[in-house]
2 protein chains.
Amino acid sequence: MPRAERERQMIAVAEEIFAERGYQASSMDEIAEGVGVSKPMLYEYFGSKEGLLVACIRQARAELLATTLASVEGVLSAREALERGLVAFFGFIDSHRRSWALLRQEAAVAGQAAMDEIEAVRQQQTEVNATLFGSYLVGVPDRDLQAYGEIVVGACERLAQWYVTREDVTAEDAAELIMRMVWHGLGGATGTHSHA
Amino acid sequence: MPRAERERQMIAVAEEIFAERGYQASSMDEIAEGVGVSKPMLYEYFGSKEGLLVACIRQARAELLATTLASVEGVLSAREALERGLVAFFGFIDSHRRSWALLRQEAAVAGQAAMDEIEAVRQQQTEVNATLFGSYLVGVPDRDLQAYGEIVVGACERLAQWYVTREDVTAEDAAELIMRMVWHGLGGATGTHSHA
DNA sequence: GAAGTAACCTACTCCCAGTAAGGTAGTGCG
DNA sequence: CGCACTACCTTACTGGGAGTAGGTTACTTC
């Protein structure tokens with residue numbers, strides 16, 4: 001079997017096993033057996049257990065970026081772009097629950113290289129957001145734009161965790177919830193009283 | 001040496017070593033040596049390597065909760081409570097950078113029990129927020145209150161990461177950044193954020 | 001001073017990530 | 001054809017660290 005195909009197969013099996021048992025509890029022997037190959041092959045292709053995990057994350061990351069970029073194609077207003085981006089993000093979660101769990105939970109159970117890889121995902125998203133805000137908010141210092149980007153990423157990451165446990169919430173609902181806070185703010189929310 | 005004191009000493013050394021080398025790279029032998037005691041003592045008192053980590057996290061968590069609760073003591077308006085809570089949170093980060101790194105980064109490099117422990121921290125914060133919002137926003141469904149709580153927790157967690165890399169940002173600045181988004185929203189900031 | 005117990009140790013086992021060294025099969029070339 | 005070369009793949013090991021069995025010291029209590 002050619003290398004490229006074997007690699008894809010290995011990543012598929014690893015993703016499955018990592019997501020199911022968690023990173024720590026998965027052994028390379030187990031993955032090798034699942035692929036139907038010997039352990040040194042995994043090391044030949046990915047260098048280490050963590051390298052294999054990184055390959056899994058990298059793939060999920062690429063998919064996430066592609067989906068996000070596609071969703072804002074041709075959009076004119078910043079607000080619409082943000083909204084569509086949010087919808088795309090939660091939509092991705094929807095159709096890749098496995099990958100997401102890997103990124104968010106199991107992947108965390110690794111070492112520095114894996115953490116760096118996850119951080120790269122967040123930085124990617126943060127950069128997208130900061131740039132977006134920069135085109136909308138005139139005269140806002142760069143530092144604040146960066147912070148807003150971080151805030152939205154954090155909010156999304158956390159809400160995503162909540163979202164995946166809720167069958168009755170759609171991606172649009174989730175995006176709407178973020179929008180209400182980030183765009184309108186709670187201060188102007190409907191049906192408010194200033195004191196409890 | 002009495003058990004309680006020895007435990008405190010062990011936690012102190014473990015926190016130091018975990019924060020410095022990372023969870024994976026730290027060995028129980030190393031920690032035992034740092035304490036000046038043999039490895040089985042660590043197992044006697046904490047059960048496992050992860051148990052020791054959990055003890056470290058639990059301590060940081062208790063401190064965080066205490067600080068937060070103290071900061072909102074006697075506050076009347078929900079908005080002020082949120083603001084003070086945010087300031088307290090980032091203030092905690094400020095004076096416990098090591099504990100925070102442990103909670104946020106190194107701790108993630110563990111197993112289920114540690115993850116559960118971290119999740120408990122987030123749930124604790126989320127609950128506080130959701131309750132707060134419930135007292136302010138009348139007629140908002142419980143589901144949405146929960147979501148807002150999650151959003152703020154995520155936003156804070158992420159901004160905290162950014163915050164710790166910035167020497168020129170104060171806890172008040174960070175809280176203010178969150179407030180602008182969460183309370184006022186970006187939507188009202190057309191052109192500039194001069195109203196802030 | 002015997003009995004009990006709390007703090008502590010040495011010296012292991014076992015599991016698993018990572019590796020050394022070699023085997024087989026398809027391809028290019030005389 | 002036969003020889004070399006490479007890509008894919010294997011068995012059988014090493015090393016290190018988590019976790020443990022079983023014993024020792026020293027202090028309390030009657």
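Naming: A, B, ... by sequence-line order, numbering from 1 per chain. Both backbone and side-chain heavy atoms feed into the values below; hydrogens, waters and symmetry mates do not.
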Exercise. Heavy-atom distance under 4.5 Å between the side chains of Leu52(A) and Phe18(A), does that happen here?
Worked result: yes
Exercise. What is the distance, rounded to the nearest whole Å, between atom CD of Glu5(B) and atom P of dC8(C)?
Worked result: 10 Å
Exercise. Starting at CZ of Arg3(A) and ending at P of dT6(D), how long is that distance when rounded to a whole Å?
Worked result: 16 Å
Problem set entry | Atom-to-atom span, OH of Tyr43(B) to C1' of dA7(C) - whole angstrom | 19 Å
For this session: Give the rounded distance in Å between these two atoms: NZ of Lys39(A) and P of dT10(D).
Result: 13 Å
Exercise. Below 4.5 Å, heavy atoms only, C-beta onward: do Cys156(A) and Ile178(A) meet side chain to side chain?
Worked result: yes
Seminar exercise, completed: Pro40(A) has its side chain closest, among dA12(D), dG18(C), dC8(C), to dA12(D)
Exercise. Among dG18(C), dC9(D), dT10(C), which is the nearest nucleotide to the side chain of Met41(A)?
Worked result: dC9(D)
For this session: Nearest whole angstrom, please: distance from the C1' of dG15(D) to the CG of Asp29(B).
Result: 14 Å
Problem set entry | Sugar-phosphate, base or nothing in reach of Met28(A), heavy atoms under 4.0 Å | sugar-phosphate
Exercise. Counting distance only, does the side-chain N/O of Glu30(B) pair as donor-acceptor with the main-chain N or O of Ser27(B) below 3.5 Å?
Worked result: yes
For this session: Look at all strands and tell whether Ser27(A) reaches a base, only sugar-phosphate, or nothing, counting heavy atoms closer than 4.0 Å.
Result: sugar-phosphate
For this session: Mind calculating the distance between NZ (Lys49(A)) and P (dC15(C)) to the nearest angstrom?
Result: 15 Å
For this session: Decide, yes or no, whether a salt bridge links Asp144(B) with Arg180(A) under the criterion of side-chain N to carboxylate O below 4.0 Å.
Result: yes
Problem set entry | Spacing of Ile31(B) atom CD1 relative to dA18(D) atom P, expressed in whole Å | 8 Å
Problem set entry | Residue-phosphate contact under 4.0 Å: Arg6(B) side-chain N/O, dC8(C) OP1/OP2 | yes
Exercise. Whole Å only: how far is the CG atom of Leu53(A) from the P atom of dA17(C)?
Worked result: 13 Å
